[in-house]
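Here's the structure we're looking at; comments come further down.
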Amino acid sequence: MSDKTSLHYYVNMPGNTLPGTSFSTITEALTALTDSSCLSCEKQFPAPVSDLPPVIVHIGEGIYREKLIITRPNVTFEGAGADKTILVYGDAAFDLMPEGDKRGTFRTASVRIDTHDFTAKHLTFQNDSGFGHTVGQALAVYVDGDRNAFYDCRFLGSQDTVFDAPLPLKEAQPGGFKGPGEFKPRTIGRHYYENCFIQGDVDFIFGSGIAWFEHCTIYSKLPGDRIPPESPEDEVIYGYVTAASTPMEEPYGYVFHECSLESDCPPHSIYLGRPWREWAKTVFLHCELGEHIHPAGWQDWKKPHGHFYYGEYASYGPGASPATRADFSHQLTDAEAAEYTVKHVMKGWEPQSLM
């Protein structure tokens, strides 16, 4: 963040009397803070430090049913509490668009962060369209940019709750990337989540970003009363926590540190991850795993072994089972685990110091 004096905007906070800073909706506040100079703020890695002064948008208690896009760098959303300030929308992939085609995954985001140096504190991002097996993929957030951080937030959804962008370079099927990032250059971003609650079922943390999850609760929600269509015949699988698509050249993808994996799903019915693209990288360090975690831990999604990297270090709880893990996964040594620090994985960015 810049060291310039921050600007303060207020949404649904009647006590504020400063002229020009009080708004009834978040959309109104975003419109007011949009600066024409942002049109030249193209995303790069590492992102340049913006000359624009930081803006803190204080958001009062309430449910805000608004589809939001943040394009200005140096913006902070500060809520009244994760259970009190709720940003929600209900677009889903199977929705029919006016032109007759389906909405698709990447046009569903309730909130799209399309910039760098965005911070959110004490609020909820939600997509309430329904279970994925009924409505399709439905993003609560689309996080695209560098140095974006979330503290004490909730992310609620079903399939594909958190898209930790960017998109992979190539789509698996024609039209699969239809949406805001389809024709944009793929720019890697660093994203940080601390003391957050993330809920979903299938692939609910996915994408190509570099992301660190610190002291988060990762909740695999039972997806209604219907087994997902792709569940194998010989067992019932209700979901996958992660589906990374880490670029080949990046040494780190998703890192979960001292997180708690919880669920209301049956035992052994959730995998820790599967590779959306063949170079996916995901590691769990000192995490407590519930009994919902499958003994194999990881699924290969028919991708070639030796490319993706899945690892654990000092997992504990009923879902920790090193002896039964998939043979392509890794139990890290002490020396290997020591390489996983926020500063190292985040390439010099230390978001813990932002709090």
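Any value given below was found using the heavy atoms of this structure, including those in side chains, with hydrogens, waters and symmetry copies removed.
With a 4.5 Å cut-off on side-chain heavy atoms, C153 and F125 count as touching. Put simply, the side chain of V57 reaches to within 4.5 Å of the side chain of L33, judged on heavy atoms.
Although no hydrogens or angles enter the test, the distance criterion places no donor-acceptor pair under 3.5 Å between the side chain of E278 and the main chain of H307. Of the possible donor and acceptor atoms, one in the side chain of N148 sits under 3.5 Å from a partner among the backbone N and O of D117. Although no hydrogens or angles enter the test, the distance criterion places a donor-acceptor pair under 3.5 Å between the side chain of T246 and the main chain of K281. Using a distance-only test at 3.5 Å, with no hydrogens or angles considered, no donor-acceptor pair links the side chain of Y310 to the main chain of G297. Panel note: side chain T217, backbone F197; no donor-acceptor pair is recorded below 3.5 Å. S315 places no side-chain N or O within 3.5 Å of a backbone atom of A320 that could act as its donor or acceptor partner. Side chain of S263 to main chain of C265: a donor-acceptor pair is present (N/O by atom type, distance under 3.5 Å, no hydrogens or angles). Within the 3.5 Å criterion, the main-chain N or O of A323 finds no donor-acceptor partner in the side chain of S321. A distance-only check finds a donor-acceptor pair linking the side chain of S245 to the backbone of S208 [under 3.5 Å].
Remark: the E258 side chain and the H286 side chain contain no N/O donor-acceptor pair separated by less than 3.5 Å. In this model, no donor atom of one side chain and acceptor atom of the other lie less than 3.5 Å apart for Q126 and T124. With hydrogens and angles left out, the side-chain atoms of T115 and T71 include no donor and acceptor closer than 3.5 Å. H330 and E336 form no side-chain donor-acceptor contact under 3.5 Å, judged by distance and modelled atom types alone. A side-chain donor from one of H305 and D300 sits under 3.5 Å from a side-chain acceptor of the other.
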N/O donor to acceptor pairs below 3.5 angstrom from side-chain atoms of residues 18-27, sequence neighbours left out:
unit_1, atom_1, unit_2, atom_2, d
T21, OG1, N16, ND2, 3.0
T21, OG1, L18, O, 2.8
S24, OG, E28, OE1, 3.1
S24, OG, E28, OE2, 3.4
T25, OG1, E28, N, 3.1
T27, OG1, E66, OE1, 2.5

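Heavy-atom minimum distance, I69 versus L30: O-CD1, 3.7 Å. Across all their heavy atoms, Y252 and H344 have their closest contact at OH-CE1, 3.1 Å.
Remark: E339 CD to T333 OG1 distance equals 9.0 Å, nearest 0.5 Å. Atom CG of residue L222 and atom OG of residue S269 lie 7.5 Å apart, to the nearest 0.5 angstrom. Note that CG of L261 and CD of E291 are 13.5 Å apart. Values are rounded to the nearest 0.5 Å. In this structure, CD on Q44 lies 14.5 Å from CD1 on I188, to the nearest 0.5 angstrom. If you take CD1 on I218 and CD1 on I270, they are separated by 13.0 Å, rounding to the nearest 0.5 Å.
Checked options I198, T242, D160, V162; the residue passing with F204 is I198 (criterion: side chain to side chain contact (heavy atoms under 4.5 Å, CB included)). Each of Y151, F155, W212 was checked for a ring-ring contact (aromatic ring centres under 6.0 Å, His included) with Y193, and the lone residue meeting it is F155.
For K221, the salt bridge (Lys or Arg N to Asp or Glu O under 4.0 Å) partners at least two apart in sequence or on another chain are D264. In this structure, the side-chain contact (heavy atoms from CB on, under 4.5 Å) partners of S158, at least two apart in sequence or on a different chain, are F131, D201.
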Go through E250 and K347 one step at a time and tell me if the salt bridge (Lys or Arg N to Asp or Glu O under 4.0 Å) criterion holds.
CA-CA 11 Å; E250 292 298 332; K347 301 185 179 183; 2.7 Å; yes
Using side-chain hydrogen bond (donor to acceptor under 3.5 Å, both in side chains), reason through H268 and E235 one step at a time and then give a plain yes or no.
CA-CA 9 Å; H268 306 163; E235 59 183 347; over 6 Å; no
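For H58 and H8, the gap between ring centers is short of 6.0 Å. Taking the centre of each ring, F150 and H191 stay at or above the 6.0 Å mark. Ring pair H257/Y340: centre-to-centre distance not below 6.0 Å.
W298 and F284 have tilted rings, their planes meeting at an angle from 30° to 60° on a 0 to 90° scale. Using cut-offs of 30° and 60° on the angle between ring planes, the pair Y254 and F213 is perpendicular.
At a threshold of 4.0 Å, the pair K184-D114 counts as salt-bridged, since one of the basic side-chain nitrogens sits closer than that to a carboxylate oxygen. Residues E312 and R325 are paired through a salt bridge, judged by an N-O separation under 4.0 Å between the basic side chain and the carboxylate. A salt bridge between R65 and D128 is present, with a side-chain N of the basic residue lying under 4.0 Å from a carboxylate O of the acidic one. One finds a salt bridge joining R190 and D146 here, because a Lys/Arg side-chain nitrogen approaches an Asp/Glu carboxylate oxygen to under 4.0 Å.
Clustering of Ile, Leu, Val, Met, Phe, Trp and Tyr side chains at separations under 4.5 Å places V88 together with I63, I86. Its side chain within the 4.5 Å cluster rule, W301 clusters with F106, L139, Y142, F163, L167, F177, F206, W276 among the Ile, Leu, Val, Met, Phe, Trp and Tyr residues.
The list of salt bridge (Lys or Arg N to Asp or Glu O under 4.0 Å) pairs with a residue in residues 80-106, not counting sequence neighbours, reads K67-D91, D91-R103, D95-R103, E99-R107, D101-R107, D101-K178.
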